[in-house]
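Structure record follows, encoded as structure tokens.
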Amino acid sequence: MKNKKELRTWLDDMQLTHPLVIAGPCSAETEEQLLKIAHQLKNTDATVLRAGIWKPRTRPGNFEGVGEKGLQWLQKAKVETGMMTATEVANPAHVELALKYDVDMLWLGARTTVSPFIVQEIADALKGTDKIVLVKNPVNPDLPLWLGAVERLYASNIKKLGAIHRGFSTYEKSKYRNNPEWQIPIDLQNRFPDLPLICDPSHIAGRRNLVFDICQTALDLNFNGFMVETHYDPENAWSDAKQQITVDTLVQMMIDLKVRKKQHASEDYLFELNKLRAKIDVLDDKLLGLLGNRMKVADSIGSLKKDNNVSILQTSRWNEILGKMILQGEDKSLSEEFILKIYKAIHQESINHQKKIINKID
Ligand code: PEP
Ligand code: MN
């Protein structure tokens, strides 16, 4: 697949004056719930109503979705509000039903994109459709797998395509439910600048108070829109209760977000600068995360040394690290002077951490 202008015509045709907003509950729960949320969203920036009908749960025993009847509610919401509708499809049977109830946008979930077999089955079931099909990134940080799913759909003559970034699963705890790894959607955008790219801040965040900042970063990185989980009673939602926001919050968020639009050619420079600054912010965030993790390991080393009565400073080990880093730095065009400065500072902080542990009275 090559980048093609036609990839974004469906979005251009919407003629939106703001980023695309797909909003609605994680799951359709009851007819009243879905219709109430749809009516709340009706006169907002949200163009598309989302609702999960079949819920892929990591562990069994959680709410697994209402099934086909939810599609009837979605269709009713479409008739009553004029909004477009969207739901997740995870196999050909879902596709058949979603088409039967005239769902406008179908998305492949993160647990589906990981499997080329299932993606191919869905692509076959959707062959030639003029529905919009969005592909969430796979749960693991693997760009070719994400692209491969988009390509399978494109090869099935589906031309209204888009990608949704929902973050990547990690074993290590982080402040996010799914790590954004922004470099991956940035790489995707560089390869396919005309493929609409939508951010799902809800599944990245896992907590509603992080949703706004993630949306702002996505806008700064030139994303085309959002898919945001919204509910009138988020705390009591049947799935993903911690990350859903109210429609009022969504409306306020759309007011507060800064959309950096390029209006004149002379603004090219500022537009580019903002994009690059957003990339720097993403890297700084990562850098601090890594330093924090490094110090946690230093704490564990401190405990081990304490238990075994070993002194903090092990000169040979320190010289070994420094030599290795100077060599690696050279490969990355980082001067020896810089590596020495930065590693001395890191080493000092590490010693301070270990000292604190060793001097702690049990
Ligand atoms: C969802 O959108 O509710 C969902 C299950 O998302 P994901 O596939 O990103 O986990
Ligand atoms: Mn969800």
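Counting starts at 1 for both ligands and their atoms, following the listed order.
Summary of contacts: the protein heavy atom closest to atom 4 (C) of ligand 1 is His203 NE2, 3.4 Å. Looking only at protein heavy atoms, the nearest one to atom 3 (O) of ligand 1 is Lys55 NZ, 2.8 Å.
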Contacts under 3.5 angstrom, residues 326-348 side chains, donor-acceptor by atom type, not counting sequence neighbours:
unit_1: Ser335; atom_1: OG; unit_2: Phe338; atom_2: N; d: 3.2
unit_1: Gln348; atom_1: NE2; unit_2: Asn352; atom_2: OD1; d: 3.0

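Taking the charged nitrogens against the carboxylate oxygens, Lys286 and Glu181 do have a contact shorter than 4.0 Å, which makes a salt bridge. Note on Lys100 versus Glu68: salt bridge recorded, some NZ/NE/NH1/NH2 to OD/OE distance being below 4.0 Å.
Nearest-residue assignment for atom 6 (O) of ligand 1 (options Glu88, Arg166, Lys136; heavy-atom criterion): Lys136.
Under a 3.5 Å cut-off, the side chain of Arg207 and the backbone N or O of Tyr176 do not form any donor-acceptor pair. Side-chain atoms of Thr113 come within 3.5 Å of backbone atoms of Lys136 as a donor-acceptor pair (strictly under, hydrogens ignored).
The distance from ligand 1 to the heavy atoms of Arg50 drops below 4.0 Å at these ligand atoms: 1 (C), 2 (O), 3 (O). Atoms of ligand 1 found under 4.0 Å from any heavy atom of Glu229 (numbered from 1 in listed order, with element): 1 (C), 3 (O). Counting atoms of ligand 1 from 1 in the listed order, those under 4.0 Å from a heavy atom of Arg111 are 7 (P), 8 (O), 10 (O). Remark: ligand 1 atoms within the under-4.0 Å shell around heavy atoms of Gly109 are 8 (O). Short contacts between ligand 1 and Cys26, defined as distances under 4.0 Å to a heavy atom of the residue, involve ligand atoms 3 (O).
Geometrically, ligand 1 and Ala110 share a nitrogen or oxygen pair separated by less than 3.5 Å.
Screening Arg177, Gln244, Glu229, Arg208 for a side-chain contact (heavy atoms from CB on, under 4.5 Å) with Ser202, the sole residue that qualifies is Glu229.
Between OD2 of Asp240 and OE2 of Glu229, the angle at the Mn ion (ligand 2) works out to 130°, rounded to 10 degrees.
Residues Asn157 and Lys159 have side chains that bring a donor and an acceptor to within less than 3.5 angstrom of each other.
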